[in-house]
Amino acid sequence: MKRLRTLETSANSSNLIDLLSEEIVFTILDFIDTNPLDRKSFSLVCKSFYITESKHRKNLKPLRQEHLPRILNRYPHVNHLDLSLCPRINDNSLNVISNTCKDSLNSIDLSKSRFFSYNGLMSLALNCKNLVSIDLSNATELRDSAAAAVAEAKNLERLWLGRCKLITDMGIGCIAVGCKKLRLISLKWCISVSDLGVGLIAVKCKEIRSLDLSYLPITNKCLPSILKLQHLEDIVLEGCFGIDDDSLAALKHGCKSMKALDISSCQHISHVGLSSLISGAGSLQQLTLAYTCPVTLALANSLNRLSMLQSVKLDGCAVTSAGLTAIGNWCISLSELSLSKCLGVTDEGLSSLVTKHKDLKKLDITCCRKITGVSIAYITNSCTNLTSLRMESCTLVPSEAFVLIGQRCQFLEELDLTDNEIDDEGLKSISRCSNLSSLKLGICLNISDEGLSYVGMKCSKLTELDLYRSAGITDLGILAISRGCPGLEMINMSYCIDITDRSLISLSKCSRLNTFESRGCPLITSLGLAAIAVGCKQLIKLDIKKCHNIGDAAMLPLAHFSQNLRQITVSYSSVTDLGLLALASISCLQSMTVLHLKGLTPSGLAAAVLACGGLTKVKLHLSFKSLLPQPLFEHLEARGCVFEWRDKEFQAELDPRCYKLQWEDIPQ
Amino acid sequence: MEPNDRLSLDAWANPSSSCNGLPRKMSLENPSFTNFNLQQQEQKWDDTSILNYDIRIEPPFREFNQASESEYLLSSNCNNQPKVLDQEDGQNNEALQTSKFQDWDPRTMLNNLSFLEQKIHHLQDLVHLLVGRKGQVVGGQDQLVTQQQQLITADLTSIIVQLISTAGSLLPSVKHTLSTGTPTGQLGGLLFPPLVGMNCIPQPQHGSGSKAVQTQCATGSKVSDQCNQMDVTGNCGTEQNHSIEEHEMKEEEDADEGENLPPGSYDILQLEKEEILAPHTHFCTICGKGFKRDANLRMHMRGHGDEYKTPAALAKPNKESSSEPVIIKRYSCPFAGCKRNKDHKKFQPLKTILCVKNHYKRTHCDKSYICSRCNTKKFSVMADLKTHEKHCGKDKWLCSCGTTFSRKDKLFGHIALFQGHTPAIPLEETKGPSVSCDKMDGNGASNKAGNINFSFGSNAGSGSGAQNIIEVKEDADDPASYFSPLSFDTCNFGGFHEFPRPPFDDSESSFSFLEAP
């Protein structure tokens, strides 16, 4: 019918798009998702485009709750509503949503919103029968009554209740009885929930796949019933101090479906308990033991026969060479291993491990400060398929070792070399990794423009580049990057003191740039930032702290062009009342850090924060607290804004070349 | 049927009183006689001819009553004053007659014989009457017939006993070596067997344990009801209760035994509703006052004379059992259809009299005790109410079905067990925060905004002031921001809406469900 009409009208018009059926236009629209403004442009072409776009949109992320009734009327087919940009969602808003969306809504995110209560949730649960997913994380003021309201959503499958500290067993009990179809529930930090509530979830919700019980005061009592869940795949018990070896013994009865287990920070777990994993959880694929027991021979042996294991995370555990060697002797080949911040990782242990696990894709050896080039040689020799290598602060690794990485691990996509001895030769070698998308070179004082130019020339897929305090970098290096990496999304050039506006002007060609940090670059001016504002319309996060030469002249174009900006830090810059007020017109802006601005007056600040309706966080100097009237803060807090007060003195910048951490300074 | 019975029983009153009613009257009318009974029996046995007489007739009794060995032993070392008294009632009868022929005297003998003759005549009349009645009572109830039978048997027995005793007085005397208690006990035992058969007492003592006797027992208790109307109340009642207490104690002793007794391995007793509900179970034989506890009765008895003040009289009744194995007794609830009733297919006996009382009151009686604190919970047993009142108000863990729990884990166990039950969140909690929140959202915020507007309108930069006003208006004017939590509350929320039926009381569940349409 619709199609017929379209064909009819197309006979008269010369517009070819009218010939296309709605389905085809929808398919085209599916591809317009990179920049939200593109869709807006599309809908503004003509009435029929406007209607088509309204019908097509399924996901909605509104900026203001005030406009909810109108936008919900405009988009009748929305099924996912992300309210994380609306800090203030009261019961009224939820009422509007539930009465407008009715059964079409199946997912809602309230994780960053406050001011709603059980009334709104009840309306939501009763009117939106198809609601499948609710994110209520951070709703720290919700009580059991709200949980009882959520329990009315009978079709709920996914529920996040992280940090709902006031919800107790009673509320969880209601949810367990009401939401029988739950597949995922996260109770992280719900510190009022104990064994009883969790046990009831396990008894009533038989469909549970994923269970996050981090930091709950649970003990051995509820584990047996949890482990009887037929479909349980993913369980997180991080920081459950009541869990010990006896609890894991319940695993012996078997939890065949379990694929991922996280028992990080459970201090009472030892290899004795873990040995029951073998008999009970044979299909385990991911095991996270961060900050638990020492990785010894006994522990490694107790996990020996987990034949499906793919990923092991041992972050922060004390490690012995014998333990690492024993892990190397496991009959399986891991694809992911994390030894981040493990004490006791030596060349001997690590090399014997990596020679056996040749299929490793991801390796994290952050802060393994004892390893040297020997380990890197072994790693690069055997694990040639590595896609991710994180080796921040491996300070004993000599610069020659990095050449090996580039030579042998050419599939690398993510490389973290923060605080290492890498030099231009290393960078040149690494530039062979043509798939590289994330490169972190923070505090690498030995690199210069030359090395970075190689990266810019060859790593065209680079999206993320961190040059924090790599003071050897100047405009030339950045120029090479901006020329060779058009897909760059994030760049950090903080404290690269030689950077000037030229770099910024060249970076403005990277239209996908969303995060730009250039703290402490004294040479860049408003002109450079204005170029960024004009060129990089998707900018979300901007940090120009201590860029003394940036002033209001940059803020005006920012306010005009960067309509997606959410977070800005303008401390120690030359921005004044005027610039701040201009920024306030950015409707997305949520977080503002405004410290030590010489040209800022209390009334200017008040005007700016009042005008900026979407603010959720403002960081201010303590002196303003007494200069501004209390009702102002109360009003803004009622709108959903949080104030953070700092009373740091004005700091002069240190010499960036003295900054680097010295290995000798760290206590052994 | 009641009035009918009464009629017939009244007609029999005279003949049958020979064993029960008469001596009682005597004891009341003739103080000296009572004196004799009470004092001499205990202290002057040797001097009285009664003793001789008793002892002399002892051997034949023994043969006669061989089966009641246990009872004999029990009563032989009996210090229980009330029991002795009870048995005396029967015995007084004897005493009445024997006192007249203490020494061998043909005249007494003649008296005695003529008395017997008179009695036989009475009995004859009675049987005549019965024969006449049988025609009238169409489809004569079996119970009535058996009762009449039993009464006649009882009368006959007493006649025979008297006949024997009369004959026995002719026999040569026997040495007085036997213990003092024996004769009385013996007499009681002898006199009462047929009689007490109606009162359920001797049944276990006889140790027969046969089913036949048990059924008799059921009807027997009916008879005892009627006996009550025949002035025998005191006797029957106390006798019975006494024995009950004895059983109770014995039951308590072996309460540890497993309850899975094979049927037939124990005796089943069944009390009547009135007996179960009787406020007092121990009655003073002298003034008729009732007591709940035997100990209280014994205390009371002290007021009736010095003889009740002896340590022996005040001591707890000795419950040392005989060397022979005691037959286990279990109790049946008189309520037909109850699982605790012996006719039920899956009969589960009750262990003690106390169990019977509590069971009957809890299950088959109205709940007349209402908790004064919550005014909702009702109980039929006072002790239950007391227990509840101790915890009333402390049960803060509430299920949607209305059941409360004093412990959270018990509530969660309950919820885990039943489908559809859910924890009920207290209403105060649901109302409290929402109201404040609403205020904050609607009025509070806009008020504050108004303030700011006032003080900052001039200072603020050009655009901001206007925008501010708009926002404030939006906050304040939005009618829906005054969304009332209450209206919502009533229609949707409360924790109970999932349960259309009213919250039911857990304890009476079985019956309320049965009666529900």
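Every chain is numbered from 1 and lettered A, B, ... according to where its sequence line falls, protein lines coming before strand lines.
Contacts of D169(A) with chain B are made by both backbone and side-chain atoms, with heavy-atom separations under 4.5 Å.
In terms of heavy-atom proximity, F412(B) sits nearest to L196(A) at CD2-O, 3.5 Å. Between I425(B) and A148(A), the shortest heavy-atom contact is CG1-CB, 4.0 Å. Nearest heavy atoms, C174(A) versus T422(B): CA-OG1, 3.5 Å.
Within a 6.0 Å radius of NZ in K408(B), more than 12 heavy atoms belonging to other residues, nucleotides or ligands are found. Sparse packing is recorded around CG of D366(B), with 12 or fewer heavy atoms of other residues, nucleotides or ligands lying under 6.0 Å away. Residue K180(A) places its NZ atom among more than 12 non-hydrogen atoms of other residues, nucleotides or ligands, all under 6.0 Å distant.
Side-chain contact between M170(A) and L398(B) is absent, with no heavy atoms from C-beta onward closer than 4.5 Å.
One finds the NE2 atom of H421(B) at 8.5 Å from the NZ atom of K204(A) (value rounded to the nearest 0.5 Å).
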